[in-house]
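To start, the structure under review is shown below, and the notes come after it.
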2 protein chains.
Amino acid sequence: MKAFDQYRNPALAVDLVVFGYYENSLNVLLLNRKEEPFKNRWTLPGAFLQMEETFLDTCNRVLNTKLGMDNFFLEQLYSFDAPERDPRGRVIAVAYYALINPSKFEIVAGNMANDVQWFSIDELPKLGFDHKDILDAAVKRLRAKILYNPVGFELLNDEFTMPELHRLYETILQTSIDRRNFRRKILDSDYLVSSGSKREGLQNRPPDLYQFNKALKPNKFQINIDLS
Amino acid sequence: MKAFDQYRNPALAVDLVVFGYYENSLNVLLLNRKEEPFKNRWTLPGAFLQMEETFLDTCNRVLNTKLGMDNFFLEQLYSFDAPERDPRGRVIAVAYYALINPSKFEIVAGNMANDVQWFSIDELPKLGFDHKDILDAAVKRLRAKILYNPVGFELLNDEFTMPELHRLYETILQTSIDRRNFRRKILDSDYLVSSGSKREGLQNRPPDLYQFNKALKPNKFQINIDLS
DNA sequence: CTACTTTGTGTCAAATTAACGCAAACAGAT
DNA sequence: ATCTGTTTGCGTTAATTTGACACAAAGTAG
């Protein structure tokens, strides 16, 4: 028996906070459990880490098999260790959060349709395990992150307008930002490229379309919002 | 057999990056391994998580028993999952970093004196496992953190001078900061209280002594240094 | 053609920052 | 005592950034 195997090891789960944005709402993907514990309660999707998997492997396994998704922004959030967080015994959770564009996926038409559902983070059901803590940490991280890091576009279409990005920021940060100052900061940072065309079919003046600038490295930018 | 126990679980180690600052150098505590693998190589202190322990419990166990330390700034850094990071088998590492004032502890006089040593982060030996990756991540985190969060004082004495804090920042960030602008930002943030007295025994004009302000909540501050 | 809405562009005072001047307070040498 | 060199504390000022607006352009609806 190897030295590091002399004790039983805690189980290791990877739990996912999948954020999706649509209709001016930041939503999170929840799974309705069919087994105990927390049967019929909503929880974050997750799985136990297999011996040969990396965390990202497990993330992709969950998102692929359960949700039919793949390939998007994924970042490690935090590891949760409260001894009683799982009533079955000792389970450590490594939490990741993902940013996806729901319109690119067919969640509802998946093979476990009734089990998986988007919830607005403003209207959450009671969650099982310590998943509310994990979700809160993820929201906090996301809010802090978009202030200086251009991750917002992960939640939008490839082409998006400035008002759309602006509304995304206001929704996530739950505050109002002067649209003209916002525009100036974002454009000064060089992280967008104008696609030349405009979004048609809206009520009023057609807004310009932009794409995320994958070529050059964006400058620093900083949206000044006092969180906490 | 419980559901979550149907597979063998990876071992779970807690590894510690202990930062200490003295003589204008940011140092990290390393342990010389006495066993394989990486026998006689320097590594981060760490231990396997016991079934009933929290991460912080393990941290304190390591710092207490191996280093005779206790009670200081400790923050979770990241969890490392590379499958081959430990040649003995699958071991996940949850990394924490600590900020301590070396003058408050007797590392060298500990019970494993020859095994434990401070190294300047500028003159590191080759490290075992993936501990260089962990250390790099910790340095990066610390550098980003002190720009907006008053954690610097954790590395200094209870009473410290403005030039000391200034040199600490310059050392950690490896850049020069105008001392007069630095002073203004720090003092404006209200996170220091003047202790009234001055540091005696130095060559030139005696600098004022300050303490960290535990009473009131400091204002936001932001040192503008372009990392990366 | 008018009213209304939304988007794009610009302006300007206030706040913040970066860069630097200078005197106060010490030690040590003359 | 006085001078020199150094470090610390306290300002000043110009440049930059920010926050709060005004206003025209481009659309729809009546």
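The figures that follow rest on heavy atoms only: side chains count, while hydrogens, waters and symmetry mates do not. Proteins come first, then strands; the chains are lettered A, B, ... in the order of their sequence lines, and each starts at number 1.
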- Message: Testing the basics here: between A:Phe160 and A:Phe212, what is the closest heavy-atom pair and its distance to 0.1 Å?
- Response: CE2-N, 4.1 Å
- State which residues pass side chain to side chain contact (heavy atoms under 4.5 Å, CB included) with A:Ser195; sequence neighbours excluded, sorted by chain then number. A:Glu159, A:Ser197, A:Leu209, A:Gln211
- Quick one: salt bridge (charged side-chain N to carboxylate O under 4.0 Å, His left out) partners of B:Arg199, sequence neighbours excluded? B:Glu164
- Task: Grab the two heavy atoms, one from B:Tyr97 and one from B:Ala138, that are nearest each other, plus how far apart they are.
- Result: CB-CB, 4.4 Å
- Task: Scan for side chain to side chain donor-acceptor pair (under 3.5 Å) pairs involving residues 54-63 of chain B, sequence neighbours excluded, and state none if there are none.
- Result: B:Glu53-B:Thr58, B:Glu53-B:Arg61, B:Thr54-B:Asp57
- Message: I'd like the 5' and 3' limits of the part of DNA chain C contacted by chain A, with heavy-atom contacts below 4.0 Å.
- Response: C:dT5 to C:dT11
- Message: Taking side chain to side chain donor-acceptor pair (under 3.5 Å) as the definition, give me every residue that meets it alongside B:Arg179, ordered by chain and number, with sequence neighbours left out.
- Response: none
- Heavy atom of residues 142-157 of chain B under 4.0 Å from DNA chain C: which residues? none
- What parts of residues 168-194 of chain B reach DNA chain C, counting only heavy atoms under 4.0 Å away? B:Asp178, B:Arg180, B:Asn181, B:Arg184, B:Lys185
- Task: Could you pull out all residues at least two apart from A:Asp226 that satisfy side chain to side chain contact (heavy atoms under 4.5 Å, CB included)?
- Result: A:Ser228, B:Lys220
- For B:Glu164 and D:dT7, give me the distance from atom CD to atom P, rounded to whole Å. 14 Å
- Item | For B:Asn181, side chain to side chain contact (heavy atoms under 4.5 Å, CB included) partners two or more places apart | B:Asp178, B:Arg184
- Note on the structure: For B:Arg41, the side chain to side chain donor-acceptor pair (under 3.5 Å) test, sequence neighbours excluded, returns none
- Message: Show the nearest heavy-atom pair for residues A:Ile146 and A:Gly152, with the distance to one decimal.
- Response: CG2-N, 4.5 Å
- Message: Which residues pass the side chain to side chain contact (heavy atoms under 4.5 Å, CB included) test with A:Glu154, not counting sequence neighbours?
- Response: A:Phe73, A:Leu99
- Note on the structure: In terms of heavy-atom contacts, A:Ile92 and B:Leu49 come closest through CD1-CD2, 4.0 Å
- Query: Near DNA chain D, which residues from residues 201-211 of chain A have a heavy atom under 4.0 Å away?
  - Reply: A:Leu202, A:Gln203, A:Asn204, A:Arg205, A:Pro206
